[in-house]
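By convention in this document, chain letters (A, B, ...) are assigned in the order of the sequence lines, proteins followed by strands, and residues within each chain are numbered from 1.
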Amino acid sequence: MKYKGRIWKFGDNIDTDAIIPARYLSTSDPEILAAHCMEDADPGFAKKIRKGDIIVAGENFGCGSSREHAPIAIKAAGISCVIAGSFARIFYRNAFNMGLPIFESGDLQALVSDGQRVEVDSDEGTIRVVNSTADPVRIQPVPPFMQELIRAGGLMKYISKKET
Amino acid sequence: MSDNGIEEHNLEHWRNDMGMTITEKILSRHAGLEEVRPGMLINARVDIALGNDITAPIAIAEFRKAGGTAVFDRDKVALIPDHFTPNKDIHSAGQCKVMREFAREQRITHYYEVGEAGIEHALLPEQGIVLPGDLVIGADSHTCTYGALGAFATGVGSTDLAAAMLKGELWFRVPETLKIVFHGRMRKWVSGKDLILFLIGLIGVDGARYKAMEFAGEAAGRLGMADRFTIANMVIEAGAKNGIFIPDDVTRAYVQGRAKRAFSFYDSDPDARYADVIEIDISGIEPQVAFPHIPSNVRGISQAGDVRIDQVLIGSCTNGRIEDLRIAAGILKGRRAAPGVRLIVVPATPEIYRMAMKEGLMEIFMDAKAAISPPSCGACLGGHMGVLAEGERAVATTNRNFVGRMGHPGSEVYLANPAVAASSAVLGRIAGPDELEGGGKS
């Protein structure tokens with residue numbers, strides 16, 4: 001899969017309260033959640049982004065609560081994928097389980113700035129900065145089981161498929 | 001040991017014939033394997049799968065979308081309306097309704113209606129629903145609390161909960177274990193809350209990412225269950241997958257009379273492998289306060305400085321147990337919240353609420369001008385029952401102080417133990433009991 005989009009940069013330890021504040025958790029409607037995506041980290045984020053844009057963050061992205069509303073909000077807002085130095089473990093599980101593409105790369109953050117465009121090639125395991133002659137950045141390989149989850153279209157489809 | 005009483009060992013390599021940790025033993029038993037090693041992906045049987053009014057509705061939708069008609073075992077699913085309950089608004093009421101109707105349809109044994117419901121991570125151990133040796137998953141990050149009982153318990157998302165409700169099993173990556181060894185005796189006014197805050201300050205919010213945290217040492221054995229629950233509760237704030245205590249006589253005394261089914265005590269082998277061992281002399285630790293906006297931003301109370309506050313919250317899955325309320329009441333007895341400070345007390349379960357009434361704690365709280373809330377998670381995550389306005393500051397016995405956690409993004413949350421929270425309410429600024437006139441009473 002390839003994902004091409006404009007970058008929105010964030011720092012380390014972006015928590016789930018920043019991704020989708022708890023004051024909006026009285027619903028799980030993706031449209032409503034999307035409108036408040038990243039609101040406490042970057043007010044107005046949901047209005048600024050275009051479909052296909054990419055979040056680039058530092059270490060421990062998605063720490064805190066187990067709320068699946070966080071990856072739901074990001075996906076429904078139109079973000080194509082998230083690239084971070086590392087992910088908090090529940091967010092990591094949730095993203096694979098519900099089908100938000102996420103990639104680990106510790107090298108990209110220092111190379112890019114807000115507004116630049118990158119192209120992620122998940123099969124090749126690389127990220128290229130568009131219009132740059134720099135070498136592509138490597139993505140941490142995705143464990144085979146997680147690849148199976150993605151191919152199946154998420155955890156529920158994976159376990160249903162295993163039955164048949 | 002270094003000056004601050006902390007010693008770290010790096011145990012990079014381990015042999016194949018080495019023993020297993022308690023976490024590995026519980027996982028291997030539930031996976032039907034003789035042994036598991038860190039990094040292995042396993043499918044393991046789930047003893048209890050938990051959801052609440054925020055996370056269960058998504059799980060129920062996923063369950064149905066996958067063609068689910070019946071949960072794998074109605075005795076092994078727990079659905080607890082505790083977050084935005086009593087219903088805070090029409091949307092929340094709708095979410096609770098989805099969960100209630102599902103619980104009825106599936107004849108879920110462990111569904112607790114408002115009035116009987118409490119904060120899930122206090123309620124489930126209290127009612128003997130989670131037990132030593134269990135494998136528990138919950139669509140709530142503080143599910144790790146049950147590790148205090150010697151269970152493997154970890155927070156997951158709603159889709160994981162849906163899969164577990166359908167199949168009774170779930171995938172896990174076997175974590176490496178970080179062993180924390182506590183030595184020495186706690187100072188006065190120091191509690192489990194201070195040990196875990198100190199530890200998070202030491203290793204950071206991702207210091208135990210993907211790992212199990214195992215608590216050991218003679219000082220861990222001396223901790224009561226309330227302190228163990230508080231410590232296990234907050235391991236997620238260091239990024240851990242689970243936190244776990246080796247069950248002992250303290251565990252047995254707690255579980256006896258509550259358990260309605262068999263349970264198992266596991267122990268780590270003497271030659272089990274650890275990713276790291278951190279030894280901490282707890283006698284050097286004073287009450288801790290986590291400053292905004294990250295739980296690792298920890299200072300000793302003596303270094304807190306003059307921080308004026310607007311609200312104090314005593315409660316939550318971290319510190320809403322009867323032991324916490326007793327400590328707070330001991331300080332608040334004969335005292336009142338400072339003018340302009342809103343003091344909110346939230347007993348975590350109806351049983352705790354009733355005990356607090358019988359022991360006369362409610363009278364003390366009301367005399368201190370406290371508002372006493374029914375059991376609810378609401379205030380901790382800025383839902384209802386104590387939301388902060390812009391520029392307001394709260395001292396809370398809760399677990400997270402992220403931007404906007406308790407309300408407006410321009411508000412601030414300071415995490416502390418119940419003694420510090422109660423003292424701060426009286427003085428109107430962050431303060432420990434030693435600063436009160438006459439000191440703390442209990």
query: Based on non-hydrogen pairs under 4.5 Å, which of A:Thr27, A:Thr16, A:Asn60, A:Ile72 is most in contact with chain B?
result: A:Asn60
message: So which residue, A:Gly154, A:Ser28, A:Pro21, ends up with the most heavy-atom pairs under 4.5 Å with chain B?
response: A:Ser28
Engaged part of B:Leu381 at the chain A interface, taking heavy atoms whose separation is under 4.5 Å: both
- prompt: Where on B:Arg405 is there a heavy atom nearer than 4.5 Å to chain A: the side chain, the backbone, both, or neither?
  reply: both
- request: Look at the rings of A:Phe61 and A:Phe87 and say which category their plane angle falls in: under 30° parallel, 30 to 60° tilted, over 60° perpendicular.
  value: perpendicular
- prompt: Given B:Asp140 and B:Thr143, is the side-chain hydrogen bond (donor to acceptor under 3.5 Å, both in side chains) satisfied, shown in steps?
  reply: CA-CA 6 Å; B:Asp140 187 279; B:Thr143 300; 4.9 Å; no
- prompt: What residue, out of B:Gly138, B:Gly155, B:Gly404, B:Gly67, has the most heavy-atom pairs lying under 4.5 Å from chain A?
  reply: B:Gly155
message: Between B:Thr85 and B:Asp82, does the side-chain hydrogen bond (donor to acceptor under 3.5 Å, both in side chains) criterion hold? Intermediate values first, please.
response: CA-CA 5 Å; B:Thr85 52; B:Asp82 62 353; 5.7 Å; no
task: Check whether B:Asp206 gets within reach of chain A through its side chain, its backbone, both or neither, counting any heavy atom under 4.5 Å.
output: both
field: Contacting moiety of B:Ile236, where chain A heavy atoms sit under 4.5 Å
entry: side chain
- line: Cut-off 4.5 Å, heavy atoms of chain B, and the answer for A:Ala88 is backbone
message: Taking side chain as everything from C-beta outward and backbone as N, CA, C, O, which of these in B:Phe84 sits under 4.5 Å from a heavy atom of chain A? Side chain, backbone, both or neither.
response: side chain
message: Quick check on the interface: out of B:Gly68, B:Ala240, B:Ser92, who has the most heavy-atom pairs with chain A under 4.5 Å?
response: B:Ser92
Stepwise side-chain hydrogen bond (donor to acceptor under 3.5 Å, both in side chains) test for A:Ser65 and B:Arg400: CA-CA 9 Å; A:Ser65 145; B:Arg400 288 189 180 131; 4.8 Å; no
query: Can A:Met38 and A:Ile19 be said to form a side chain to side chain contact (heavy atoms under 4.5 Å, CB included), step by step?
result: CA-CA 4 Å; A:Met38 305 303 284; A:Ile19 298 170; 3.8 Å; yes
- request: Please determine, by modelled atom types, if B:Thr23 and B:Asn242 share a side-chain donor-acceptor pair under 3.5 angstrom.
  value: yes
query: Around atom NZ of A:Lys48, are there more than 12 heavy atoms of other residues, nucleotides or ligands at under 6.0 Å?
result: yes
- prompt: Less than 4.5 Å apart, any side-chain heavy atom of B:Phe172 and any of B:Leu135?
  reply: yes
- prompt: Relative to chain A, which segment of B:Leu166 carries a heavy atom at a distance below 4.5 Å: side chain, backbone, both, or neither?
  reply: side chain
- request: Assess whether atom CG of A:Asp123 is packed by more than 12 heavy atoms of other residues, nucleotides or ligands within 6.0 Å.
  value: yes
statement: Cut-off 4.5 Å, heavy atoms of chain B, and the answer for A:Asn97 is both
query: For B:His91, does the NE2 atom sit with more than 12 other heavy atoms under 6.0 Å from it, leaving out its own atoms?
result: no
Structural part of B:Gln95 lying under 4.5 Å from a heavy atom of chain A: side chain
task: For chain B, find which of A:Glu68, A:His69, A:Lys157 contributes the most heavy-atom pairs closer than 4.5 angstrom.
output: A:Glu68
statement: Max heavy-atom pairs within cutoff under 4.5 Å with chain A, candidates B:Gly383, B:Ala162, B:Gly382, goes to B:Ala162
- request: Would you mind checking if B:Asp160 and A:Arg93 are paired as a salt bridge, meaning a charged N to carboxylate O distance below 4.0 Å?
  value: yes
field: Proximity breakdown for A:Glu39 and chain B, heavy-atom pairs closer than 4.5 Å
entry: neither
Heavy-atom proximity to chain B below 4.5 Å, by part of A:Asp40: both
- line: Pair count under 4.5 Å, heavy atoms only, with chain A: among B:Asn87, B:Thr154, B:Thr55, highest is B:Thr154
message: If the threshold is 4.0 Å, N to carboxylate O, is there a salt bridge linking A:Arg151 and A:Glu148?
response: no
- request: Could you look at A:Leu149 and say if it's the side chain, the backbone, both or neither that has a heavy atom under 4.5 Å from chain B?
  value: side chain
- request: Test A:Tyr158 against A:Phe145 for ring-ring contact (aromatic ring centres under 6.0 Å, His included), laying out the working first.
  value: CA-CA 10 Å; A:Tyr158 172 80; A:Phe145 172 71; 5.4 Å; yes
- prompt: Considering only heavy atoms, which portion of B:Asn52 lies under 4.5 Å from any heavy atom of chain A: side chain, backbone, both, or neither?
  reply: neither
query: Under a 4.5 Å heavy-atom cutoff, which of A:Asp12, A:Asn13, A:Asp17 has the most pairs with chain B?
result: A:Asp17
